[in-house]
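Quick notes on the structure that follows.
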Number of protein chains: 2
Amino acid sequence: MTGRRASSTLISAEEPVVFVIDDDASVREALSNLFRSVGLRVEVFGSAHEFLQCKLPNVPSCLILDIRLPRLSGLDFQAELAKADIHIPIIFMTGHGDIPMTVRAMKAGAVDFLTKPFRDQDMLDAVTAAIERDRNSRDEAKILSDLHAHFATLTSRERQVMALVTSGLMNKQIAAEIGLAEITVKIHRGHIMRKMGAKSLPDLVRMAELLGIGPASDRSQT
Amino acid sequence: MTGRRASSTLISAEEPVVFVIDDDASVREALSNLFRSVGLRVEVFGSAHEFLQCKLPNVPSCLILDIRLPRLSGLDFQAELAKADIHIPIIFMTGHGDIPMTVRAMKAGAVDFLTKPFRDQDMLDAVTAAIERDRNSRDEAKILSDLHAHFATLTSRERQVMALVTSGLMNKQIAAEIGLAEITVKIHRGHIMRKMGAKSLPDLVRMAELLGIGPASDRSQT
DNA sequence: TGCGATCCTAAACCTCGGTATGATCCGCGC
DNA sequence: GCGCGGATCATACCGAGGTTTAGGATCGCA
């Protein structure tokens with residue numbers, strides 16, 4: 001824990017970025033101009049590989065991808081990103097795409113799938129939607145990661161007690177369940193509230209919901 | 001009511017139904033045979049209108065739709081159903097569809113979009129996924145409607161108190177907030193727990209979450 | 001070996017949650 | 001009018017939640 005408490009109230013409201021991957025320089029140029037004309041930051045790449053070299057900034061962003069990339073199909077690249085746990089909204093472009101490709105892309109979560117030539121406005125609309133989607137998912141991810149950070153400071157006993165508390169059991173029931181004195185459960189409970197930063201029991205319950213803590217914690221025997 | 005209480009923990013696990021709308025009788029015939037061959041119930045229709053006459057059973061189901069329907073495009077019909085609050089998973093078929101159509105259909109929530117001719121297995125896979133999706137959404141809807149039914153038995157005062165309780169306020173704070181004696185809040189609180197069938201406060205909090213009860217409940221006039 | 005973290009427990013004490021009993025007031029419908 | 005249910009409040013009582021203080025036990029690590 002360093003003293004870095006910079007501007008921690010910030011949501012991801014900073015300047016968004018649009019990434020473009022296309023092997024055709026004229027397409028890159030055109031899109032770059034289009035987005036800059038509406039005041040959007042743009043980064044262009046000639047291949048998926050180049051894009052991966054670049055460190056992704058922590059701001060709302062989206063990726064515009066030709067379905068037909070030089071060394072790797074756009075769909076495969078989409079799968080790669082998902083496997084690498086990089087969840088940036090993707091907008092596909094295609095000159096000669098077909099319907100099965102489209103379906104696969106959309107099922108995999110693509111924001112849009114535009115056929116060339118497309119109207120500038122259609123692309124801008126898609127980008128707006130994609131950025132908005134990313135902004136929301138980043139905000140959610142931020143909340144969740146903060147929550148996990150707090151949860152990580154709990155001891156295993158405290159985690160166990162937290163699961164039982166948020167499932168609605170009384171202290172004495174919890175004590176019986178795991179073979180403790182009621183007073184001990186109360187102590188743990190107090191620690192949990194403080195460590196998690198919960199101001200009330202309903203607060204803690206909602207945190208547990210987000211963390212996915214339910215009866216599905218540990219099934220030993222029986 | 002027959003004596004069929006075999007699986008009486010009933011979720012919506014009853015026999016699913018596949019609905020097919022196509023103006024081509026040979027297609028209806030072929031699909032009907034396909035689905036029956038794997039033991040699925042099928043209902044076929046020559047038009048969207050006919051389909052709407054039919055009363056939809058309360059079992060997991062899905063709808064297979066040609067994008068090019070006689071009087072109404074498949075996409076428009078999809079929009080119609082959504083507007084009428086009928087949320088049945090849709091699988092589109094098309095002989096001459098294009099990518100924009102596909103994108104629109106998928107964005108609107110279609111399960112799949114198959115190009116004719118398609119492999120039987122692809123259709124069956126799509127139907128399986130669609131049925132599964134519908135089963136899940138029906139289970140959720142059932143839970144939610146039961147919850148709303150309980151919530152409907154609350155008086156407006158009780159609803160107001162419930163919102164404050166689940167937001168984490170103490171009885172005395174709630175009392176101060178709405179100008180009551182603490183004891184009165186306790187009474188309401190007891191009624192709420194009984195009427196909602198909540199066995200604990202965490203229980204009630206989760207119900208409130210599902211019902212969408214937060215600080216954004218009642219902002220009438222001051 | 002000593003330090004610290006985790007875990008467990010006890011006694012005392014206070015607040016909060018919740019119920020029961022009993023009561024008043026109001027509005028609605030028969 | 002009368003009954004009924006909702007809303008309000010008071011008193012009293014009890015159980016549950018929660019903190020403080022104070023201790024004992026175990027384990028890993030410097």
Side-chain angles (χ1 to χ4, degrees), chain A residues 1-2 148-209 211 213 215 217-218 220, chain B residues 148-209 211 213 217-222:
Chain A
M1 295 303 167
T2 69
H148 269 108
H150 281 126
F151 189 63
T153 69
L154 297 187
T155 67
S156 68
R157 210 26 149 195
E158 285 162 355
R159 276 191 267 266
Q160 188 183 15
V161 172
M162 177 170 167
L164 296 172
V165 166
T166 54
S167 80
L169 295 184
M170 288 185 306
N171 287 339
K172 63 170 59 174
Q173 293 175 306
I174 297 170
E177 182 85 17
I178 57 185
L180 292 180
E182 188 183 347
I183 181 69
T184 310
V185 174
K186 289 184 180 180
I187 303 292
H188 286 316
R189 195 165 172 161
H191 291 162
I192 293 166
M193 296 297 283
R194 239 179 253 70
K195 287 185 178 178
M196 295 298 294
K199 294 186 305 299
S200 64
L201 178 56
D203 234 38
L204 191 72
V205 172
R206 273 182 281 265
M207 290 179 185
E209 286 287 291
L211 289 170
I213 297 175
S217 46
D218 58 330
S220 0
Chain B
H148 269 108
H150 281 127
F151 189 63
T153 68
L154 298 187
T155 67
S156 66
R157 217 12 159 202
E158 285 162 354
R159 275 191 267 266
Q160 188 184 15
V161 172
M162 176 168 168
L164 297 171
V165 165
T166 54
S167 79
L169 294 184
M170 288 184 307
N171 288 338
K172 63 171 59 173
Q173 292 175 305
I174 297 171
E177 182 83 19
I178 57 184
L180 291 180
E182 188 183 345
I183 181 67
T184 310
V185 174
K186 289 184 180 181
I187 304 289
H188 287 315
R189 195 166 170 158
H191 290 163
I192 293 165
M193 297 296 284
R194 244 186 301 299
K195 286 185 178 179
M196 294 299 293
K199 293 186 305 301
S200 65
L201 179 56
D203 233 40
L204 192 71
V205 171
R206 274 183 280 266
M207 290 179 184
E209 286 287 289
L211 289 170
I213 296 175
S217 50
D218 57 327
R219 279 276 162 221
S220 35
Q221 61 283 30
T222 332

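Chain A is the first sequence line, chain B the second, and so forth, proteins listed ahead of strands; every chain is numbered from 1. None of these values were measured; they are calculated from a predicted model.
With values rounded to the nearest 0.5 angstrom, Ser200(A) atom OG is found 9.5 Å from Gln173(B) atom CD. Atom CE of residue Met196(B) and atom OG1 of residue Thr166(B) lie 10.0 Å apart, to the nearest 0.5 angstrom. Rounding to the nearest 0.5 Å places CD of Glu177(A) at 8.5 Å from OG of Ser167(A). Annotation: the span from Asn171(A) atom CG to Ile187(A) atom CD1 amounts to 10.5 Å, rounded to 0.5 Å. Going from atom CE of Met193(B) over to atom CG of Leu201(B) covers 6.5 Å, rounded to the nearest 0.5 Å. The CD1 atom of Ile178(B) sits 6.0 Å away from the CG atom of Leu164(B) when rounded to the nearest 0.5 Å.
As a whole-Å value, the separation of Arg194(A) CZ from dG18(D) P is 11 Å. Between the C1' atom of dC7(C) and the NZ atom of Lys195(A) lies a distance of 11 Å, rounded to the nearest Å. Protein atom NZ of Lys199(B) is 18 Å distant from nucleotide atom C1' of dG18(C), rounded to whole Å. If you measure from atom CG of Asn171(A) to atom P of dG17(C), you get 14 Å, rounded to the nearest angstrom. One atom, CG of Leu169(B), and another, P of dG17(C), lie 10 Å apart when rounded to the nearest Å. If you take CE of Met193(B) and P of dT19(C), they are 8 Å apart, rounded to a whole angstrom. Distance Ile174(A) CD1 to dC8(C) C1': 16 Å, rounded to the nearest Å. Atoms NZ (Lys186(B)) and P (dT21(C)) sit 17 Å apart, rounded to a whole Å.
Each end of the helix from dT1(C)-dA30(D) to dC30(C)-dG1(D) gets its own axis, taken as the rotation carrying the C1' atoms of four end pairs onto the next four within a five-pair window, and the two axes meet at 30° to the nearest 10 degrees.
For Met170(B), whose side chain is taken as the heavy atoms from C-beta onward, the closest listed nucleotide among dG17(D), dG17(C), dT19(C) is dG17(C). If you check dA7(D), dC16(C), dG17(D) against the side chain of Glu158(B), the one that comes closest is dA7(D). Between dT19(D), dG17(D), dG18(C), one nucleotide has an atom nearer to the side chain of Arg189(B) than all others, and that is dG18(C).
Of the side-chain N and O atoms in Thr155(B), one or more sit less than 4.0 angstrom from OP1 or OP2 of dA7(D).
Side-chain atoms of Val165(A) and Leu169(A), non-hydrogen and from C-beta on, never get closer than 4.5 Å to each other. Contact of the Met162(B) side chain with the Phe151(B) side chain is registered, since non-hydrogen atoms from C-beta on lie closer than 4.5 Å. Counting heavy atoms from C-beta on, the side chains of Arg159(B) and Thr155(B) never come closer than 4.5 Å. Between Ile192(A) and His150(A) there is no side-chain heavy-atom pair separated by less than 4.5 Å. The closest side-chain heavy-atom distance from Arg157(A) to His188(A) is below 4.5 Å.
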Under 3.5 Å, which N/O atoms of the protein pair with N/O atoms of nucleotides 24-28 of chain D?
none

Look for any protein N or O under 3.5 Å of an N or O in nucleotides 8-11 of chain D and output each such pair with its distance, or none.
unit_1, atom_1, unit_2, atom_2, d
dT8(D), OP1, Arg157(B), NE, 2.8
dT8(D), OP1, Arg157(B), NH2, 2.6
dT8(D), OP2, Arg157(B), NE, 3.3
dT8(D), OP2, His188(B), NE2, 2.6
dC9(D), OP2, Ala181(B), N, 2.7
dC9(D), OP2, Thr184(B), OG1, 3.2

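Counting only distance, with no hydrogens or angles, the side chain of Lys172(A) and the backbone of Glu182(A) share no donor-acceptor pair below 3.5 Å.
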